[in-house]
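The basis for the numbers below is simple: all heavy atoms, side chains too, and nothing from hydrogens, waters or symmetry mates. Ligands are counted one by one from 1 in listed order, and the atoms in each one are counted from 1 as well.
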Amino acid sequence: MKKAMVTGGAGFLGSHLCDLLLAKGFEVICVDNLITGSEQNIAHIKTDKFTFIKHDVTKPLYLEDNIDFLFQLASPASPIDYLELPIQTLKVGALGTHNMLGIAKEHGARFLLASTSEVYGDPLVNPQSEEYWGNVNPIGPRGVYDEAKRFAEAITMAYHRYHEVDTRVVRIFNTYGPRMRLNDGRVVPNFIKQALGGEDLTVYGDGSQTRSFCYVRDEIDGIYRLMMSDYSHPVNIGNPEEHTILEFAEIIIRITGSSSRISFKDLPVDDPRQRKPDITKARKLLGWEPKVSLEQGLKETIKYFKDVLEP
Ligand code: NAD
Ligand code: UDP
């Protein structure tokens, strides 16, 4: 039986990844310090093939058992979280990724870094392909996340080149679904919570900025396929269907059947104007593309948030 370790495994994406790995027959070690995640996300897992270790990956970790695969997902991920936790975000991207690469090297394990579309910053090209180097403000408020992930990619490639660690880098674009935190400040939970509560949906700026939303099941499938592939350079995994944020607010109002209206608030500093993945590589190398429509994914997510709000 193969063993996989998932850091950030009690978070939104990490917990879905643990589920998929267990379903595929892996033994799973989940490592998380619960800074933005929750044990609630893994409470449903009842098997002795699953171990939870509460640990901060910026500190050294010694494992008794050998592992075959290491998925490095630990990091605050929502803009609100990383603006509140700037030093922790920089440390987990840098020291945390370094420590985890050390474990992968020691164990001869294959290593996957969860990177992000934020490495493209406020992109000057649309859609973004993996060849684009990005347009990041290193000293702006979002720089703590963007630069931590850019460093994480650089050290991952260095371990690959100099220590011959077998590495993968996934650039994850906006992903949504059940187990997102209701108050994590990201647009999907904010809008759904506001629509269900009959409050105004708060569109930042004039809402002309774009995002492309991928349902969690598709995202996790893409991440798994990348880990099992033999490709060591970064691969975008996201849904290329692009919407303005204003359109997105209207879609949420329609699907929830809410009587909420839209109000406008200030645009956060350095908020990217556009974001849409070019997924040519994922299609060619992994035979992957998203399958879940925005309508279907949002219905499943809205159901989850309804249950959280009124259990
Ligand atoms: P999340 O906040 O739900 O999960 C992150 C997890 O990492 C949490 O459980 C948190 O407690 C844990 N963590 C943070 N610092 C840690 C540390 N020092 N030691 C141990 N655990 C630590 O966020 P998510 O959306 O599930 O994101 C998971 C990963 O995917 C992150 O690396 C994020 O940057 C990346 N990502 C996510 C998205 C998205 O749309 N969800 C987009 C791009 C990239
Ligand atoms: N946004 C918004 N209203 C909200 C929350 C977010 O208009 O209540 C906007 C935000 O300014 C950004 C987009 O929605 O343009 C996506 O924001 P999110 O925080 O989900 O993630 P980002 O893609 O910026 O990392």
(request) Would you please determine whether E219 falls within less than 4.0 Å of ligand 1 on a heavy-atom basis? (result) no
(message) Counting only nitrogen or oxygen atoms and a 3.5 angstrom limit, does G37 reach ligand 1?
(response) yes
(request) Measure the spacing between OG1 of T97 and NZ of K91 and express it to the nearest 0.5 Å. (result) 13.5 Å
(message) Taking CD in E199 as the centre, count heavy atoms belonging to other residues, nucleotides or ligands within less than 6.0 Å. Is the count above 12?
(response) yes
(request) Examine P76 against ligand 1 and note whether any of their N/O atoms are separated by less than 3.5 Å. (result) no
(message) Using heavy atoms and a 4.0 Å limit, tell me yes or no: is R186 in contact with ligand 1?
(response) yes
(request) Quick one: closest heavy-atom pair of N239 and E241, and the distance? (result) OD1-N, 3.0 Å
(message) Less than 4.0 angstrom from a charged side-chain N to a carboxylate O is my criterion; do E147 and R150 meet it?
(response) yes
(message) If you measure every N or O of L13 against every N or O of ligand 1, does any of those distances drop under 3.5 Å?
(response) yes
(request) Measure from atom 36 (N) of ligand 1 to every heavy atom in F173, F71, Y176, Y145 and give the option owning the shortest one. (result) Y145
(request) Determine, using ring centers only, whether F111 and Y159 are less than 6.0 Å apart. (result) no
(message) So, regarding V92 and ligand 1 (criterion: nitrogen or oxygen to nitrogen or oxygen, under 3.5 Å), is there a contact or not?
(response) no
(request) May I ask you to list the atoms of ligand 1 that are less than 4.0 angstrom from any heavy atom of G11? (result) 3 (O), 4 (O), 8 (C), 9 (O)
(request) Take the angle between the ring planes of H16 and F12 and call it parallel below 30°, perpendicular above 60°, tilted in between. (result) perpendicular
(message) Counting only heavy atoms, tell me which of T36, T175, I223 gets closest to atom 10 (C) of ligand 1.
(response) T36
(request) Would you kindly confirm whether F71 and I53 end up in one hydrophobic cluster when ILVMFWY residues are joined by side chain heavy atoms under 4.5 Å apart? (result) no
(message) Is the distance from the ring center of F69 to that of F26 below 6.0 Å?
(response) yes
(request) Search all heavy atoms of T36 against all heavy atoms of D81 and return the closest pair with its distance. (result) CG2-OD2, 3.5 Å
(request) Considering the heavy atoms of L34, write down every atom of ligand 1 situated less than 4.0 Å from one of them. (result) 11 (O)
(request) Go through E131 and K281 one step at a time and tell me if the salt bridge (charged side-chain N to carboxylate O under 4.0 Å, His left out) criterion holds. (result) CA-CA 11 Å; E131 278 64 48; K281 247 189 198 180; 3.7 Å; yes
(message) I'd like the residue list for ligand 2, meaning every protein residue with a non-hydrogen atom under 4.0 Å from the ligand.
(response) P79, E118, R142, N174, G185, R186, V187, N190, F191, T202, V203, Y204, Q209, R211, I245, P268, D271, R275
(message) S115 and side-chain hydrogen bond (donor to acceptor under 3.5 Å, both in side chains): which single residue from R171, E153, K149 fits?
(response) E153
(message) Quick check on the 6.0 Å ring-centre criterion: do F248 and F213 meet it?
(response) yes
(request) Indicate yes or no: does an N/O atom of V57 lie under 3.5 Å from an N/O atom of ligand 1? (result) yes
(message) Counting only heavy atoms, tell me which of S75, A74, G177 gets closest to atom 5 (C) of ligand 1.
(response) S75
(request) Would you check if I279 and P290 make a side-chain contact, meaning some heavy-atom pair closer than 4.5 Å? (result) yes
(request) May I ask which of A10, G8, S15, C30 has a heavy atom nearer to atom 6 (C) of ligand 1 than the others do? (result) G8
(message) If you measure every N or O of N174 against every N or O of ligand 1, does any of those distances drop under 3.5 Å?
(response) no
(message) As a check for students: among V216, D32, L113, identify the option with a heavy atom nearest to atom 12 (C) of ligand 1.
(response) D32
(request) May I ask you to list the atoms of ligand 1 that are less than 4.0 angstrom from any heavy atom of D56? (result) 17 (C), 18 (N), 19 (N)
(message) Please compare L85, D81, L73 and report which has the shortest non-hydrogen distance to atom 31 (C) of ligand 1.
(response) L73
(message) Restricting to non-hydrogen atoms, name the atom on L286 and the atom on G222 that form the minimum distance, rounded to 0.1 Å.
(response) CD1-O, 4.1 Å
(message) If you measure every N or O of S38 against every N or O of ligand 1, does any of those distances drop under 3.5 Å?
(response) no
(message) Would S115 count as being in polar contact with ligand 1, using the rule that some N or O on each side must be under 3.5 angstrom apart?
(response) no
(request) Indicate yes or no: does an N/O atom of I172 lie under 3.5 Å from an N/O atom of ligand 1? (result) no
